[in-house]
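By convention in this document, chain letters (A, B, ...) are assigned in the order of the sequence lines, proteins followed by strands, and residues within each chain are numbered from 1.
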2 protein chains.
Amino acid sequence: MNVATPAKGARAVEQAYDYLKNAILSGEFAARMHLREGAIATQLGLSRTPVREAFRRLGAEGWLEITPNAGVKVAEWSPRDIEEVFEVRMLIESRVAGRAAQRATEAQIERLRALAEQMSAMADCPVDQVLDERSTVNAEFHELLVEAAGSQRLKRLLDLVVEIPMVKWVFGSYQPAEIRRSAAHHHEIVAALEAHDAEWASAAMKSHILSAHHAVMRRLRQLDSAPNQDQ
Amino acid sequence: MNVATPAKGARAVEQAYDYLKNAILSGEFAARMHLREGAIATQLGLSRTPVREAFRRLGAEGWLEITPNAGVKVAEWSPRDIEEVFEVRMLIESRVAGRAAQRATEAQIERLRALAEQMSAMADCPVDQVLDERSTVNAEFHELLVEAAGSQRLKRLLDLVVEIPMVKWVFGSYQPAEIRRSAAHHHEIVAALEAHDAEWASAAMKSHILSAHHAVMRRLRQLDSAPNQDQ
DNA sequence: TATTTCGTTATTGCATACAAAATTGACGAT
DNA sequence: ATCGTCAATTTTGTATGCAATAACGAAATA
């Protein structure tokens, strides 16, 4: 039924990887759920080998828990785990912003400004309608910023932590005012870069992340109290 | 000389992983060197499958660079890369120390104090003689601290960044005075924990990491100007 | 009825076989 | 001599088969 998207390279591992990651992030696979190599393989029309490789990759990235002779389980994300993700993002991305303020070229700043404009233009559209586009533009903004900072290793680390679908989830948690605030943050970061003020850029980014953190944790509390009646 | 140690679990993947990681970190495999699944496999008396799995794991951890249909290369660590590693360590570990100051139990602080004492006791021994033990005790200290902070995800992230063998390398870069300073830092961090002073603990840890950073970068400059023997 | 033991089954780990892609080297054209 | 082309070889990617280990369940005993 799904068979996922064949991906660009059409490589079997990519296919398995994309399918699994999507299933995990979309909630199709519940937390703690046990996954079997064989089942996934036949479902995707592949052999166990590429599925197994995808398992390992996802394990290294923290999405699956692997126990040697038993199988793999979908990792569980506690509120504390999510808090820690935002903690890391805040620490690293604010540092990155500061460095970018010292090193960004005119062209890079220009491109960042354009992305910030795009973001603002979407601010008044209905939330659900531009969710994907907002996520994409936002991801581009943050990525370009790391590039401007010239921090390749930090980028790798961030990629490991800040998953695009999770970003989408963040926007789903935003209230209209918070979306506008987020867009404003982007503009402010660009302004700090133009001024080559590392402190300012760093502080603005810190606000940006903490604001997102707040929105997500509020969402979590809502989800926690709404659908469960046993407490 | 190779064939590595059969490791505890005697699992083939572990064997391959341990062998490869050791070879990379010891410099037996030069940077940018191309590794072939088949060669490693026959050399270790295994099939390609577990070797391949080890490759992927090491790739995810940043020790190997994997390009889809070409093979794997030993990753190159530029001075900037190493700088970034210390940047991350500084950011995360100082935050962790601050959190530990707020949450550590008496028992945990006691244990940390004992480790700090052990460290001091070794401070006056010849550098090379206690290199391994120093690394072990140091690693334990930092690990226990993360545990006291109750930050499981951050611990995973740190594990990815701060490799034990690299820690050993740090101690090899220390001058006698720096070893004593490092031991003093540990004591100071324990004191900050006893006082439940997050700012203090955080600042002490920041000093601790920056001091190590400084020592390693100095070592790098020395190696760079001196003739090196690795191919 | 609860619990332990043992045999069956299912699932993972590893090895091998085969397919696809890339690298290499020789050859020929300019 | 240099560059480009193409085939031979090597190397990676995937599939399958077999062995080892763990999960499951039934039977037997207390």
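Atom-to-atom, NE2 of B:H34 to C1' of C:dA22 comes out at 10 Å; the value is rounded to the nearest Å. To the nearest angstrom, C1' of D:dT21 lies 13 Å from CD of A:E37. Computed from coordinates, the A:E53 CD to D:dA15 P distance equals 11 Å when rounded to whole Å. Rounded to whole angstrom, the span from the CG atom of A:L64 across to the P atom of C:dT12 amounts to 12 Å. In this entry the distance linking CD of A:Q15 with C1' of D:dT14 reads 12 Å, nearest Å. Between the C1' atom of C:dT11 and the CD1 atom of A:I66 lies a distance of 15 Å, rounded to the nearest Å. Rounded to whole angstrom, the span from the CG atom of A:L46 across to the P atom of C:dC18 amounts to 21 Å. Atom CG of A:L44 and atom C1' of D:dA15 are 15 Å apart (whole Å).
Checking B:D81 against B:S78 by side-chain atom types alone, a donor-acceptor pair falls below 3.5 Å.
Residue-level contact check: A:L35 touches the backbone only, with heavy atoms under 4.0 Å from sugar-phosphate atoms and none from bases.
A heavy-atom distance below 4.5 Å is not found between the side chains of B:R153 and A:E87. Residues B:R57 and B:Y17 have side chains in contact (heavy-atom distance under 4.5 Å, counting atoms from C-beta outward).
Mapping A:N69 and A:R48 onto DNA chain D by nearest heavy atom places A:R48 closer to the 5' end of the strand. The residue among A:A12 and B:R36 whose nearest nucleotide of DNA chain D is located toward the 5' end is B:R36. Each of A:A70 and A:T49 has a nearest nucleotide on DNA chain C; the 5'-most of these lies closest to A:A70.
One finds a side-chain N or O of A:S47 lying less than 4.0 angstrom from the OP1 or OP2 phosphate oxygen of D:dA15.
Using cut-offs of 30° and 60° on the angle between ring planes, the pair A:H213 and A:F86 is parallel. Note: A:H208 and A:H142 have parallel aromatic rings, judged against thresholds of 30 and 60 degrees for the angle between ring planes.
Checking D:dT12, C:dC14, D:dT14 against every side-chain atom of A:R11, the shortest atom distance belongs to D:dT14.
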